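Note that ligands are numbered from 1 as they come in the structure, with each ligand's atoms numbered from 1 the same way. Small disclaimer: the values here were computed from a predicted structure and weren't measured.
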Amino acid sequence: MSMKFQPFLALLTLLFLHKFPQVVADLNSDREALLAFAAAVPHARKLNWKKTTPVCTSWVGVACNLNGTGVIAIRLPGIGLSGPIPVNTIGKLNALMILSLRSNNLNGNLPSDIPSIPSLCYLFLQHNNFSSVFPTSLSPRLKVLDFSYNSFTGNIPTTVQNLTRLTILNLQKNYISGAIPYLNLPSLKVLNFSYNNLNGSIPKSLKRFPSSSFIGNLLLCGSPLKRCFTVSSSPSPSSPSYFLGPPTVSHSQHATLKNKLGAGSIIAIVIGGLAILLLLVVIFIRCLKRTDGGGSGMMKKTISGGGKSAKPNDFGSGIQEAEKNKLFFFEGCSYNFDLEDLLKASAEVLGKGSCGTTYKAALEEGTQVVVKRLKEVAVGKREFEQQMEVLERIGRHPNVVPLRAYYYSKDEKLLVYNYMPAGSLFSLLHGNRNAGRTPLDWDSRMKIALGTARGIAHIHAEGGGKCIHGNIKSSNVLLSDELEGCVSDAGLVPLMNAPVTMSRIVGYRAPEVIETRKVTQKSDVYSFGVLLLEMLTAKAPLQPSGHDDVADLPRWVRSVVREEWTAEVFDVELLRFQNYQEEMVQMLQIALACVAKTPEMRPKMDETVRMIEDIRQSESKNRTSSEAESNIQTP
Ligand SMILES: *[C@@H]1O[C@H](CO)[C@@H](O)[C@H](O)[C@H]1NC(C)=O
Ligand SMILES: *[C@@H]1O[C@H](CO)[C@@H](O)[C@H](O)[C@H]1NC(C)=O
Ligand SMILES: *[C@@H]1O[C@H](CO)[C@@H](O)[C@H](O)[C@H]1NC(C)=O
Ligand SMILES: *[C@@H]1O[C@H](CO)[C@@H](O)[C@H](O)[C@H]1NC(C)=O
Ligand SMILES: *[C@@H]1O[C@H](CO)[C@@H](O)[C@H](O)[C@H]1NC(C)=O
């Protein structure tokens, strides 16, 4: 059984390598160094490295730069390497950027020439049993340093402070001791010092990480762990940055609280406040009506008399008294309420979209539904009803939110959908990024992407293959309890005045739509491509939500992929799932195909579904047999 060649590396190799012109690597010396490594370190699985075969194109786990003059990546995870690594083997690869030897049985001393290779960016040594002192000489280019699950000892050296590009530092489950040095590394996104023998107080600059980054160090204290009692522990004025005096501690706790009140909570508080205000207004109006002698408890009569705009949040305001029971339920719907119940229900605004406002309505007997109040409907009653029949058929798919009922009158158009308590993909991806959020793992993202693609493909197959969604975006992908992606808001575009619907979906809008002002199935594919990029990068395409927004996500991704490390585009939350890099890169390729500038270049939606399904299938196949793949690398 041979090892799998990593397409991720192939991509890196192809995309990137003219970036380090200063290194004049020598392939012959690299070959000698690797052969010496293979000869000295026993491995359970055979490596096909031979002096007679070309290093760059046939050696498993090895990738070279474009012109084949130097080895830039070694990936040998989980192939049963054991024992110590001798000096002057891998340490001699002077163009090496990526080294992954994770999940082997390597032990003993980590030769100091390895972490100090000047070009090294990614070092994965987790799940071995290296027992050396923490190396002090480290490549200044390091972005990922993973020593976790080993037996490293000694202190964390102050040289770590010089690693300004570091984004991931994993040291958990070792025997590292002493105090944590002052580390101010703005790029650092993931830090784990848990389960070591560290002592002293946590430097202020690291308190932004969760307590789970520091647990299992009995003598460690300070925010985010319990506070320090600094009675006699900091006698030396020469190490002021290691310890926080008592006044700074209370200051820092105050700051933490403030940080926790991120934009999200402030918005929540404001919305809460507005909701209470609204409630008071509603109660006030009801009281007025009671004294008026209206008596029925219905609000819309007064309101439609007094002008519609008076209370835009009441979704019943355009309904005439006589039409109250004309809520049309589709067959097979188990809901048991009428329009009057719906109007009496307590409602909460879920969002305002291009098609209208969406409410969550809680009916008296505990049923919850979503009511969408359409605005600017441009079609007559018959056309509306026909489209409702189409929507009902569209909704008979596990990946589409089903339409249950609708109401149509001259002044008011309501759609009733199932309520999806798990919320939208948008909130799952972008919500609560600062505080203690559960990262959205790769499997869930795959599942949501596939479900959403299937939902859209189903929509495209409806109406004689002519149906269009027209408004695909992450806030229109809702999630079931099992985190299945369900498309909502399907098929509303034909009901609307086109220019209205255009205004809101900017970040997802295909370039040709700006001119033609017409959405098509191919523009849906584009929007879906943007959605995939959003899931891979966690950057919101033009949403007014804060820092991590990108005006034109496809363009940004293309520019990063062209000029930089492909790894840079991915959401930091995904960097934990190193084993799935190949899948991520394949998904990235699918997304980039979907956002092709010309519509003809984009795949169809059902093809897109098949490509996503293939990612998993080819992966599981690769895990068993992959000999043939090593020649992908040939330019
Ligand atoms: C090969 O590419 C590297 C950079 O990737 C460059 O430094 C080197 O000069 C090139 N060598 C040849 C022979 O073109
Ligand atoms: C790791 O190495 C240490 C000695 O350096 C040894 O005591 C320990 O048993 C090893 N652990 C494993 C799991 O092999
Ligand atoms: C960090 O880098 C600076 C400048 O490159 C150097 O002077 C200093 O000695 C380095 N610090 C450590 C601890 O290596
Ligand atoms: C931390 O541990 C080191 C030994 O690893 C010891 O010398 C030092 O005194 C300890 N410091 C504190 C504050 O406990
Ligand atoms: C750090 O590692 C420990 C041990 O594996 C784990 O329990 C903890 O959740 C990790 N913390 C973070 C922030 O990843």
Side-chain angles (χ1 to χ4, degrees), residues 42 44 78 80-85 101-110 124-134 144-158 166-183 185 188-203 206-246 249 433-442 571-578:
L81 295 168
S82 61
I85 304 176
L101 300 174
R102 67 182 161 83
S103 309
N104 284 294
N105 301 318
L106 295 164
N107 60 25
N109 212 36
L110 173 69
F124 301 101
L125 298 178
Q126 65 268 36
H127 294 283
N128 282 289
N129 193 17
F130 288 110
S131 55
S132 44
V133 168
F134 200 112
V144 175
L145 181 58
D146 201 326
F147 282 172
S148 59
Y149 300 91
N150 276 287
S151 299
F152 280 99
T153 60
N155 298 349
I156 300 173
T158 50
L166 205 59
T167 54
I168 298 185
L169 178 57
N170 279 338
L171 305 179
Q172 67 266 33
K173 302 262 183 182
N174 279 287
Y175 302 99
I176 299 166
S177 57
I180 302 173
Y182 173 76
L183 294 177
L185 299 168
L188 197 61
K189 299 277 169 30
V190 175
L191 172 91
N192 203 332
F193 287 169
S194 296
Y195 301 101
N196 279 290
N197 300 326
L198 296 165
N199 65 14
S201 74
I202 296 167
L206 298 181
K207 67 172 198 259
R208 64 189 159 107
F209 293 99
S211 57
S212 68
S213 294
F214 302 100
I215 48 173
N217 291 284
L218 284 179
L219 299 174
L220 200 61
C221 63
S223 173
L225 300 180
K226 63 187 189 306
R227 63 191 291 177
C228 297
F229 293 99
T230 48
V231 202
S232 61
S233 61
S234 129
S236 142
S238 64
S239 59
S241 50
Y242 293 8
F243 297 99
L244 304 165
V249 169
R433 273 260 160 186
N434 303 321
R437 112 193 199 97
T438 334
L440 186 56
D441 63 49
W442 177 242
D571 182 3
V572 286
E573 284 181 359
L574 289 177
L575 295 180
R576 292 164 212 258
F577 302 97
Q578 296 295 337

Hey, does [Y] have a side-chain heavy atom less than 4.5 Å from the side chain of [X]?
| X | Y | result |
| --- | --- | --- |
| Leu169 | Leu188 | yes |
| Val190 | Asn170 | yes |
| Asn197 | Thr153 | no |
| Ile156 | Leu171 | yes |
| Leu106 | Leu101 | yes |
| Ile202 | Phe209 | no |
| Asn192 | Phe214 | no |

Contact residues of ligand 2 with a heavy-atom cut-off of under 4.0 Å? Asn129, Ser131, Ser151

Only heavy atoms of Asn199, strictly under 4.0 Å: list the atoms of ligand 4 that pass. 1 (C), 2 (O), 3 (C), 8 (C), 10 (C), 11 (N), 12 (C), 14 (O)

Regarding ligand 5, does Lys173 bring an N or O atom to under 3.5 Å of one of the ligand's N or O atoms? no

Residue-level breakdown please: for Ser212 versus ligand 5, do any non-hydrogen atoms fall below 4.0 Å on the side chain, on the backbone, on both, or on neither? both

With heavy atoms under 4.0 Å as the rule, classify the contact between Phe209 and ligand 5 as side chain, backbone, both or neither. neither

By ring pair (Phe, Tyr, Trp, His ring centres under 6.0 Å), which residues pair with Tyr149, not counting sequence neighbours? His127

Show me which atoms of ligand 5 lie under 4.0 Å from any heavy atom of Tyr195. 4 (C)

